[in-house]
A.B. asks: 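A single structure is presented below for examination.
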Amino acid sequence: MAIRWGNYKTGPFFDELIEGRNKPRPAAKELCQYLRSLSDAELLDYKTAASSAIHVMGITFTVYSEEEGSIDRAWPFDIIPRIIDKSEWKEVEKGLKQRVKALNMFIDDIYNDQNVIKDNIVPESILTQSKNFLPECMGISPPLGVWAHICGSDLVRDQHGTIFVLEDNLRVPSGVSYMLENRHVMKRVFPELFEKYNILPVDDYPSQLYNMLCELSPRDVEQPEIVVLTPGIFNSAYFEHAYLAQQMGAELVVGSDLVVDDDDIVYMRTVEGLSRVDVIYRRIDDAFLDPEAFREDSMLGVKGLMRAWKAGNVGLANAPGAGVADDKVVYAFVPEIIRYYLNEEPLLENVPTYKCINKEERDYVIEHIDEMVVKPANESGGYGMLIGPHATKAEREKFVRLIRRDPRNYVAQPMLLLSTAPTLIDTKAEGRHLDLRPFILSGSSVSVTTGGLTRVAMRKGSTVVNSSQGGGSKDTWIVDMEA
């Protein structure tokens, strides 16, 4: 039986495509009509075509297991896109630009005057106990005052349709290559839909990224030498590293390909000898970036890289130390940070967040642990957290002990009723929870991708969207209804 929207169940959730009485939202009307016209056989053909395109294009991600080690898997993709009206997206875009501007000002302040601490906006203990604060960065102010050149902020929508920022990723945010490839797959599978809809493009991201990186070059040259520094082929995001390097026309390098000479300049080893490097888009965590400055046992980084960066001889994106604002406890202070630096009210709200360092808030979290999502300050990928309503009594008791032992390391949030979108399960459309990761580039100006990477929890009832834990993705269409 083909898709019949009258049978689609939205439940208590806000659905991205379908509103009350099972009517398509205005921006999704043509898409829903088109999908309704397809037979089961045609839907399966389109699913097969998308899977074949993903295979031919080599779109993979790496997962790890104790039993099998690292495994490359085809990118999980759903052919029903998520649609957002351009008029709504423009407001989201303004909020993201405001947020990233304030976060960069916060990071620059933290490594210099620390006025945000002196003025009691953020407690000093947040800084002194931060795993991502790098004393080696004190006194440094990078070009343009920008530390987080590439940011991926995760957005969610609650049952009322309100968009919240769930977290900010400012260290080495990943996923943008999948956003780009999702669009390529959809264009191959549904070319006719792109003729009917005015869908805003995402294809210019690599050129925007390249131009922003060029601004970081210490040399005034027409074509700076830009490299993408990867941990190597076994990293879960290696596909993305290689993809972005290829799209920008940049060299993809590992740490052993680079050397810092006595002149504190970074060079790349080539068959013709050493060649100067101007900008490094690094996809390696701070701790492994330079064995001279951080972990001595790192085989991934470049000895002397921090010296070269401090001397102003190489641009680094993102800057070392930017992760101090990646902390989920710092996240809880972002609304105050925006008011402090910009004297503006936040345009995008945080999810209500309880800071376990505060005794009253901690006591409330412990008392209501069965209602809370508890997150460690610096984990990512959905690991190390507790989803209280779905946890066992033993798991909840374990987290109570963890919170009491190290309250600085935890925040808690009420369980949101995350929005859903129709997702093709066999040949039926079923609602699945999702989030959205737009990417924000900061240089002499700030730009936001038109949409982003929509991640979807493929398991019924699940809110875990990470691909490493069974999640998939959708193409995200920002549609101009007025064009």
Side-chain angles (χ1 to χ4, degrees), residues 99 103 106-107 110 116-117 120-134 152-156 158 164-173 285-287 321-337 346 349-418 433 435 437 457 462-466 468-469:
R99 191 177 183 93
L103 285 169
F106 167 75
I107 301 167
I110 283 295
V116 73
I117 292 174
N120 298 314
I121 306 300
V122 175
E124 186 175 11
S125 62
I126 299 297
L127 181 64
T128 57
Q129 298 174 36
S130 169
K131 293 180 180 178
N132 293 316
F133 173 73
L134 301 183
S153 290
D154 293 342
L155 307 179
V156 294
D158 71 1
F164 294 91
V165 179
L166 183 65
E167 64 180 53
D168 304 291
N169 298 280
L170 300 100
R171 281 176 285 183
V172 281
D285 285 337
D286 289 344
V324 70
D326 210 68
D327 190 307
K328 291 179 179 63
V329 180
V330 171
Y331 158 91
F333 287 94
V334 171
E336 288 88 349
I337 287 171
E349 293 292 341
N350 276 13
V351 174
T353 304
Y354 296 91
K355 302 178 281 288
C356 292
I357 51 169
N358 180 303
K359 185 181 184 306
E360 287 184 10
E361 295 182 40
R362 180 170 69 249
D363 290 346
Y364 182 86
V365 169
I366 290 171
E367 187 178 341
H368 297 84
I369 193 79
D370 58 333
E371 304 168 16
M372 295 288 175
V373 177
V374 182
K375 299 178 178 180
N378 293 293
E379 290 288 345
S380 60
Y383 292 104
M385 69 182 196
L386 174 84
I387 302 178
H390 300 160
T392 64
K393 182 180 178 182
E395 288 169 336
R396 292 195 289 265
E397 289 174 347
K398 174 188 173 184
F399 264 78
V400 168
R401 292 193 296 272
L402 290 171
I403 291 168
R404 284 180 168 146
R405 188 182 308 150
D406 186 8
R408 162 62 179 87
N409 193 44
Y410 293 95
V411 297
Q413 298 167 334
M415 184 87 172
L416 291 185
L417 294 177
L418 298 186
H433 296 292
D435 75 356
R437 178 175 292 180
S462 173
T463 57
V464 180
V465 299
N466 307 85
S468 58
Q469 299 192 55

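Here the structure is a predicted model, which means the values were calculated and not measured.
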A.B. asks: Heavy-atom distance under 4.5 Å between the side chains of Ile337 and Val330, does that happen here?
C.D. replies: yes

A.B. asks: State whether Phe333 and Lys355 meet the cation-pi test: NZ (Lys) or CZ (Arg) under 6.0 Å from the six-membered ring centroid, and within 45° of the perpendicular axis.
C.D. replies: yes

A.B. asks: Side chain to side chain contact (heavy atoms under 4.5 Å, CB included), that's the test. Do Arg99 and Asn350 meet it? Break it down for me.
C.D. replies: CA-CA 11 Å; Arg99 191 177 183 93; Asn350 276 13; 2.8 Å; yes

A.B. asks: When Val400 is tested against each of Leu386, Val374, Ile366 for side-chain contact (heavy atoms from CB on, under 4.5 Å), which residue passes?
C.D. replies: Ile366

A.B. asks: Do the non-hydrogen side-chain atoms of Asp326 and Asp168 ever get within less than 4.5 Å of each other?
C.D. replies: no

A.B. asks: Quick check against the 3.5 Å criterion: does Asp435 have a side-chain atom that pairs as donor or acceptor with the backbone of Leu155?
C.D. replies: no

A.B. asks: Looking at Pro352 and Phe164, what are the two nearest heavy atoms and their distance?
C.D. replies: CD-CE2, 4.5 Å

A.B. asks: How about CD on Glu395, more than 12 heavy atoms from neighbouring residues, nucleotides or ligands closer than 6.0 Å, or not?
C.D. replies: yes

A.B. asks: Do Leu418 and Val465 have side chains that get closer than 4.5 Å, going by heavy atoms?
C.D. replies: no

A.B. asks: Measure across Ala377 and Val329 and return the closest heavy-atom pair with its distance rounded to 0.1 Å.
C.D. replies: CB-CG2, 4.0 Å

A.B. asks: Can you find a pair of side-chain heavy atoms, one from Ser462 and one from His433, that are under 4.5 Å apart?
C.D. replies: no

A.B. asks: What heavy-atom pair brings Pro376 and Gly384 nearest, and what distance separates the two atoms?
C.D. replies: CD-O, 3.1 Å

A.B. asks: Taking Asn169 for the side chain and Gly152 for the main chain, is one N or O donor matched with an acceptor at less than 3.5 Å?
C.D. replies: yes

A.B. asks: Would you check if the side chain of Thr353 reaches a backbone N or O of Val351 as a donor-acceptor pair within less than 3.5 Å?
C.D. replies: yes

A.B. asks: Under a 3.5 Å distance rule, please check whether Arg362 uses its side chain to pair with a backbone N or O of Pro407 as donor and acceptor.
C.D. replies: no

A.B. asks: Between Tyr331 and Val411, is any pair of side-chain heavy atoms under 4.5 Å apart?
C.D. replies: no

A.B. asks: Do you know which two heavy atoms are closest between Pro389 and Met372, and how far apart they sit?
C.D. replies: CD-O, 3.8 Å

A.B. asks: Between Glu349 and Val165, is there a side-chain heavy-atom distance shorter than 4.5 Å?
C.D. replies: no

A.B. asks: After noting the C-alpha distance and the side-chain angles of Asp158 and Leu417, does the key distance pass the side chain to side chain contact (heavy atoms under 4.5 Å, CB included) rule?
C.D. replies: CA-CA 5 Å; Asp158 71 1; Leu417 294 177; over 6 Å; no

A.B. asks: Side chains of Ile357 and Ile126: does their closest heavy-atom pair fall under 4.5 Å?
C.D. replies: yes

A.B. asks: Do the side chains of Asp327 and Arg408 get close enough for a salt bridge, i.e. N-O under 4.0 angstrom?
C.D. replies: yes

A.B. asks: How close do Leu103 and Ala325 get, heavy atom to heavy atom, and via which atoms?
C.D. replies: CD2-CB, 4.1 Å

A.B. asks: When the ring planes of Tyr354 and Tyr364 are compared, do they come out parallel, tilted or perpendicular, using 30° and 60° as the limits?
C.D. replies: parallel

A.B. asks: Less than 4.0 Å between a side-chain N and a carboxylate O, is that true for Arg171 and Asp285?
C.D. replies: no

A.B. asks: Please examine the side chains of Val324 and Leu134, heavy atoms only from C-beta on, and report whether any two atoms are closer than 4.5 Å.
C.D. replies: no

